[in-house]
S.K.: 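Below: one structure in structure tokens.
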Amino acid sequence: MALSKPWFVERSRRRFAMTRECGLLLLVPAPDGVRSGEHLRVIRQDRNPGSDPLFSGLFSAHTRSLDPSVELLQNNPCLTEFITSVLAMPEPNPSILSFTLRLAGILAASESRFQHLQQEKLLARLFGADGPLNSTLWEDASVRSGWVKGVHRMAQHQPALHFLCNGGGLDVVFSLQGDPSLFVASAASKLLVHMLTFSVESETTKPLTTMDCDWPACAQMIIKHIEDSLRSRSASHIEQSLKLLTSVFGSCRAMWTAVLWSGVAKQVESFLTEETVQVQHMLASLLLNVAWSPVFCDTEGSIWPLVTSALEHLTPVQAGPLAAGLLRFYKCPQDVRIQALTVLLQPMDCILRAASQPLEHAGLLDESVSDPTTLESLLCSKSSCVSLLCQTLARLEELLSLARSRVDLPHASLLRALMTLLQFCNGFLSPASPLGSTISRILINCFRVQRSALGVLAALSERKGCDALIESLFEVLLAYLESPNTSPTVLKKTFQATSRWLVHLQEPSCSNSQQQHTEKILKDVFLVLQKHLCSPCWEVRDSSLEFLAVLIDRLKDRDEFRQSLLSSAVPRLTENLLEDPESYVRASAVTAVGHLAFITHFAPESPVVGNQYNKENTVAKLQEILSTDTEGFPRRAVISVFTEWLTQGCTAQLEDTEQFVSRVIQTVEQDLDWEVRLRGLELVSIFCSQTISRLGRPECPYAPVPSKVTKSINPIELLQIFCRAKLFGFLFRSLCDCDRPVAQRACDILIILEGHFYPIRHLKESQMTANPAGGQGIAWLQRTLRQGSLAQNFPTDGDNGVDFQDAESMMLALGTIDFIEIHDEVNKSSAHVEESPQSLLQDILATVGTVEDNEVDCY
Amino acid sequence: MMALPYITEYTGFAGTVYATEPTVQIGRLLMEELVNSIERVPKAQSASMWKNKEVQRLLPAPLKDAVEVSMWRKCYTMPEVNAALSKIQLVGYSQKIELFGAVQVTPLSSGYALGSSNWIIQSHYEKVSYVSGSSLLTTHPQPMDQASLKNSDVLILTGLTQIPTANPDGMVGEFCSNLAMTVRNGGNVLVPCYPSGVIYDLLECLYQYIDSAGLSNVPFYFISPVANSSLEFSQIFAEWLCHNKQTKVYLPEPPFPHAELIQTNKLKHYPSIHGDFSNDFKQPCVVFTGHPSLRFGDVVHFMELWGKSSLNTVIFTEPDFSYLDALAPYQPLAMKCVYCPIDTRLNFIQVSKLLKEVQPLHVVCPEQYTQPPPTQAHRTDLMIDCQPPPMSYRRAEVLTLPYKRRYEKIEIMPELADSLVPLEIKPGISLATVSAVLHTKDNKHVLQLPPKPPQPPASKKRKRVSDDVPECKPLKPLLSGSIPVDQFVQTLEKHGFSDVKVEDTAKGHIVLLQEAETLIQIEEDSTHIICDNDEPLRVKLRDLVLKFLQKF
């Protein structure tokens with residue numbers, strides 16, 4: 001494929017890692033005689049020069065790591081020559097100019113180099129009035145971006161600040177805040193934050209207070225600009241300043257920010273009620289950042305009345321983020337917290353009230369914070385209703401999912417509101433008010449709101465106080481599960497919520513009266529699940545199987561659950577889906593069958609009669625999938641199931657675990673999917689640790705947890721078990737696997753085995769010296785392993801004198817091979833050679849004049 | 001269509017019926033199946049005493065609630081069907097049919113079934129669209145032609161979905177799930193259906209689904225006296241199919257996949273349960289058969305056969321009948337009943353989009369569509385919502401459509417057009433007087449040259465009455481323009497009228513010539529000269545007035 005950029009740029013985009021070594025290479029003459037600065041010449045002369053911003057960015061990145069002293073410029077005159085020559089061009093390419101501005105900024109970041117460039121009179125020609133500011137090139141956004149970034153790099157010392165303040169540079173930055181390019185505007189804003197912070201922190205000698213506020217010159221100019229903008233009637237100027245203040249309070253937590261705030265607080269407060277200038281939407285983030293700042297953490301501080309006022313005056317959409325942010329803030333005063341919660345819950349309260357007769361239900365809130373008519377008008381418009389509800393629900397879900405939330409949500413009322421909302425969405429609710437009718441009309445079949453509400457419903461299952469509503473809740477959930485109109489994505493969410501609440505229903509904390517309904521609920525759920533397992537839509541079959549797997553995983557110990565499940569047709573239908581044409585469904589079916597086996601095959605009483613598969617057939621079927629399925633997902637699922645069975649100690653009920661593991665390994669090691677091989681190694685790891693803990697050397701008698709070793713056997717005998725399971729062949733072959741995670745995992749396992757069989761290092765060393773002759777095969781193995789993934793045709797057992805099934809040989813191998821060294825090697829990126837800076841720079845030089853020849857990406 | 005013989009054969013109908021070819025052929029099949037099913041079980045005698053209102057009210061529901069039972073008719077016969085069909089004139093989509101020159105009628109694809117149509121009835125200046133059962137879903141027929149419905153003065157909207165809350169896609173999923181679940185559990189599935197229509201789509205869905213659902217070995221039976229014809233007809237109406245299916249025809253491949261199901265013996269069709277079917281019948285199986293009301297047809301046998309086992313399932317897909325009413329005589333019933341009405345006709349959301357797209361000036365629809373369904377009074381989304389609000393009608397109500405016919409198109413013969421001398425009265429606007437004879441025939445109007453004035457008789461023979469042709473008197477020129485009073489007064493003075501006075505009135509001016517005792521009343525659309533028996537003066541003044549006006 002022909003590319004518009006040199007291929008090495010594409011390559012570097014993916015692979016480059018910046019190092020100091022690269023920076024040196026950039027400027028120091030290369031060993032092959034390429035003179036210093038050749039790379040810069042290439043950039044300058046390239047027919048498509050610096051066209052890739054990333055390329056220039058990478059190049060700049062290297063120079064940043066250079067020696068900060070002025071000698072860099074003196075020893076490498078090519079740098080200043082480069083800048084001079086670019087400035088001398090009548091019409092330099094904007095990309096080159098942009099690159100030059102950034103390079104100059106990086107170079108000028110050091111004070112001594114700044115002075116040097118000043119003496120050369122380059123900085124004024126780059127960043128001053130003589131520079132691109134007043135040329136047509138300034139119209140190019142990349143030049144403005146380069147200018148801002150260059151200034152940002154340069155503004156690391158006071159002389160640079162003075163240069164900018166006195167040379168008019170600061171005014172340019174102010175104007176660039178409103179740049180049509182968002183990237184430039186954002187960079188300008190960041191630059192101002194940096195300059196303000198840097199100026200205050202580097203130029204003040206004594207702490208600033210409201211009484212004694214002597215801002216440094218640069219900070220003074222910026223603050224004056226902020227204050228002037230806030231006082232202007234221009235919405236865009238006010239927005240820019242508010243954005244700037246938001247960034248300042250978000251990034252800087254120094255005490256001087258309190259002084260800054262005291263100067264602007266009144267003006268900011270006035271915007272809450274200002275009708276002529278609409279900037280309210282900017283205030284939530286600003287106030288949140290101010291409130292979060294430890295400078296204002298004192299609950300007696302003056303920020304809270306303003307926050308309270310904001311919660312009252314901002315629209316529900318604007319106040320939502322502020323309220324949600326405040327509720328996450330543990331130092332928020334209780335009254336503000338209650339108010340924030342009220343703001344957040346207001347839409348749900350409105351839903352609840354809209355659905356019921358006056359005085360029928362109390363609603364969620366005793367009183368509202370803001371004008372309820374604003375909220376009602378938002379809920380009466382389709383676009384704002386859906387978006388407001390989705391935002392509110394997303395925030396509620398986030399709050400509920402916080403492990404240590406201090407928010408006292410009214411769980412039962414919230415649940416009732418969610419149920420109401422879900423009933424609005426499927427048209428099952430007959431609203432009693434005109435507002436309810438309008439909302440109902442908007443929400444019917446609105447999948448977005450359905451999904452969001454079900455998400456909150458699921459999160460609510462972990463909270464207390466909802467038991468009285470469980471019966472109605474399951475009616476709503478079952479209505480969704482049964483309705484043919486439920487979309488697959490909503491159905492998936494319904495399954496997730498149902499599983500969470502079914503688990504909750506089985507918890508001892510749930511009241512007995514609710515548990516009595518469990519049987520009927522489970523029966524209904526399995527009835528509808530049967531139908532979905534036969535759905536023509538694969539997404540539905542897939543999420544049904546996932547739902548089943550989750551339920552079994554969480555509830556397999558509960559009698560009612562087991563009985564309901566086994567008396568339904570679900571197990572048989574699940575087994576049928578092992579042959580589903582869709583690979584995702586087969587994978588989910590494998591997982592579900594794997595979980596089902598804990599009930600049907602591995603439970604003390606295995607009551608299943610009439611199933612298609614008995615214990616042996618199920619294993620055989622799964623092994624068939626592992627060895628023959630054309631898609632990776634089902635095979636991965638099978639190996640995960642086997643691993644789970646092994647972990648739970650179920651495989652012993654099937655056959656000899658050794659044979660089981662051996663057969664699985666032989667299948668897995670041939671698999672082309674690296675994830676299958678990796679999961680195979682997990683199985684091996686568990687097998688090893690279980691065998692060792694059962695039969696291995698007793699652990700230290702003083703260990704805090706008593707050892708599980710029941711019968712200790714000779715290490716060679718132990719190794720013989722592993723050899724019979726054909727474990728070592730798989731492990732050593734995996735060390736040379738072309739997929740790094742596989743090699744890493746195999747190496748980890750071998751290190752653990754080495755640690756068990758050679759607990760003391762000197763034992764290993766003695767082994768290495770004691771068996772110089774017997775290690776011929778091992779030496780070959782070592783050589784092969786050193787080649788890593790480049791090793792071709794890794795031999796099968798017996799070749800080259802290494803018998804992976806011979807315990808003695810393996811003992812020797814474990815004692816001889818330096819797995820730590822291999823570990824270090826495989827942990828390096830497989831492409832680390834190509835990623836080296838030398839590689840990139842050599843590529844740059846190699847392309848001089850040959851760009852066209854290399855336009856085909858060899859990768 | 002099913003009621004056509006009642007109209008053409010029972011009401012003295014003497015007109016022409018217009019229909020598309022698939023409508024005729026499939027309509028014939030449906031009627032044939034109906035007649036066959038009814039005639040297969042002849043009644044020795046029919047009861048009519050119960051129709052007496054006094055008796056009827058004592059009967060159990062739903063009989064006692066039936067309305068207008070005296071109007072109920074016996075089913076028609078095949079000769080009546082044939083007679084009705086013989087009155088049909090075939091038309092194609094977008095074909096313009098002239099009805100006595102008064103209106104033009106055009107059928108458009110409605111996207112609902114093979115050959116199903118919406119109709120445009122238009123004159124030169126008015127357009128009425130009649131939207132019957134239409135579908136915007138991608139099923140087998142040609143897609144709905146929406147563009148041609150634009151610029152309608154009135155859009156009559158009928159035939160919306162009967163089950164607005166049932167999404168057809170969801171219902172098809174439900175159908176497949178229940179079918180597969182039943183068969184996997186060893187049960188049989190009975191699908192009461194019509195022999196044409198949705199069954200084609202269901203078979204197509206099943207074609208895609210049966211292999212993946214592991215149902216390859218389960219036989220599908222389609223039993224209807226017209227099963228074979230229905231399956232074969234569907235394959236030959238290529239021009240009436242959707243684009244994808246049309247493309248297949250050119251490959252050449254059968255457009256519907258049920259051909260392959262038949263070839264591979266997965267779908268077998270029989271005219272009835274007798275004969276070959278009895279030999280081939282294997283269970284578990286899936287049977288499609290009629291009639292969906294469960295009152296006649298082979299479906300009755302299967303209800304009797306399978307109704308007692310809970311392993312079996314009857315799945316209702318046709319929305320025309322209440323499944324509970326249909327099942328009532330079979331109760332108690334052990335078999336599972338699933339209601340999956342698949343109605344692909346327009347729902348209210350689609351109607352709303354359609355109206356926004358087509359933008360008719362007025363919408364006319366049945367009263368039911370203007371309010372939520374009685375059983376779901378809160379579902380205000382299940383009604384037509386448009387501006388201006390739709391005009392509704394009830395059964396048998398006669399409506400005056402909300403527009404007036406104001407213009408007619410009249411043709412001018414070329415010779416007459418040549419003779420016209422237009423006079424430009426404003427830039428871009430010219431006028432000419434036309435003297436012509438208006439010929440009107442078959443609602444078409446033509447202006448022709450007037451006959452030449454009769455030659456003066458050569459002899460003194462009296463004019464014969466039979467030669468009487470419209471007499472063309474020479475026309476006085478038409479006047480236009482306004483009279484500027486000041487200039488008019490100056491002109492009068494130039495012509496010797498010295499004592500001119502002008503009075504303003506509500507409608508114009510009065511110019512008073514005191515000496516001559518004459519009034520000239522100038523108004524916007526009239527000028528009067530009032531003088532006493534002084535004709536020369538009046539003529540003089542008239543000529544002065546005419547100088548200010550344009551004549552043509």
Side-chain angles (χ1 to χ4, degrees), chain A residues 354-355 382 423-434 436-446 482-488 490-491 526-541 544 568-570 572-582 585-586 610 612, chain B residues 163-187 189 201-202 204-216 218 310-311 313 315 317 336 338-342 347-350 352 372-373 375-383 385:
Chain A
K382 178 152 190 166
Q423 285 174 312
F424 269 138
C425 291
N426 66 2
F428 279 22
L429 195 72
S430 174
S433 66
S437 295
T438 312
I439 294 175
S440 162
R441 197 183 167 92
I442 290 170
L443 292 182
I444 282 178
N445 290 329
C446 179
E482 283 165 1
S483 169
N485 292 338
T486 305
S487 84
V490 174
L491 187 71
F526 286 128
L527 208 59
V528 78
L529 188 62
Q530 285 178 45
K531 188 184 76 178
H532 287 311
L533 287 173
C534 297
S535 169
C537 174
W538 73 263
E539 290 94 335
V540 172
R541 299 198 298 275
S544 305
S568 73
V570 167
R572 196 165 33 77
L573 293 171
T574 305
E575 285 166 354
N576 285 345
L577 292 175
L578 289 173
E579 292 176 1
D580 197 277
E582 184 58 53
V585 179
R586 287 201 301 281
Q612 186 181 347
Chain B
I163 318 285
T165 50
N167 168 18
D169 285 339
M171 285 300 160
V172 169
E174 194 82 350
F175 172 81
C176 291
S177 303
N178 282 292
L179 185 145
M181 198 167 67
T182 305
V183 175
R184 280 183 191 163
N185 286 334
V189 176
D201 297 313
L202 285 181
E204 186 156 356
C205 282
L206 289 171
Y207 168 79
Q208 293 161 358
Y209 178 59
I210 50 179
D211 285 336
S212 65
L215 304 176
S216 311
V218 178
S310 61
L311 284 177
T313 305
I315 309 180
T317 56
K336 284 195 286 289
V338 179
Y339 184 53
C340 302
I342 299 170
N347 62 31
F348 290 97
I349 297 172
Q350 290 165 336
S352 173
T375 51
Q376 291 169 296
H378 66 284
R379 294 291 301 265
T380 51
D381 57 317
L382 303 182
M383 55 189 271
D385 179 23

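Just so it is clear: chains get the letters A, B, ... in the order the sequence lines come, proteins before strands, and each one is counted from 1.
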S.K.: Quick test of your reading of the model: are A/Lys531 and B/Glu174 salt-bridged, counting only N-O distances below 4.0 Å?
M.R.: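 The answer is yes: the pair qualifies as a salt bridge.
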
S.K.: Identify which part of A/Ile442 has an atom lying under 4.5 Å from any heavy atom of chain B, answering side chain, backbone, both or neither.
M.R.: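 Neither part; nothing is under 4.5 Å.
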
S.K.: Which residues pass the salt bridge (charged side-chain N to carboxylate O under 4.0 Å, His left out) test with B/Glu204, not counting sequence neighbours?
M.R.: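 Once residues adjacent in sequence are excluded, the partners of B/Glu204 under the salt bridge (charged side-chain N to carboxylate O under 4.0 Å, His left out) criterion are B/Lys245.
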
S.K.: State the NZ-CG distance between B/Lys336 and B/Leu311, to the nearest 0.5 angstrom.
M.R.: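 CG of B/Leu311 is found 6.5 Å from NZ of B/Lys336.
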
S.K.: Using every non-hydrogen atom in the two residues, find where A/Leu491 and A/Val540 come nearest and quote the distance to one decimal.
M.R.: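 That closest heavy-atom pairing would be CD2-CG1, 3.5 Å.
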
S.K.: Quick check on B/Arg184 against chain A: is it the side chain, the backbone, both or neither that has a heavy atom closer than 4.5 Å?
M.R.: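 The answer is both parts of B/Arg184.
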
S.K.: Other residues, nucleotides and ligands only: do more than 12 of their heavy atoms fall within 6.0 Å of CZ on A/Phe526?
M.R.: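 Yes, because the 6.0 Å sphere around CZ of A/Phe526 holds more than 12 heavy atoms from other groups.
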
S.K.: Is A/Phe424 close to chain B through its backbone or its side chain, or both, or neither, when contacts mean heavy atoms under 4.5 Å?
M.R.: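 Neither the backbone nor the side chain of A/Phe424 comes within 4.5 Å of chain B.
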
S.K.: Who wins among A/Gly427, A/Pro581, A/Pro536, A/Cys537 for the most heavy-atom pairs under 4.5 Å with chain B?
M.R.: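 Greatest number of close heavy-atom pairs with chain B: A/Pro536.
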
S.K.: Report which part of B/Ala166 has an atom under 4.5 Å of a heavy atom belonging to chain A: side chain, backbone, both, or neither.
M.R.: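 Contact with chain A involves the backbone of B/Ala166 alone.
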
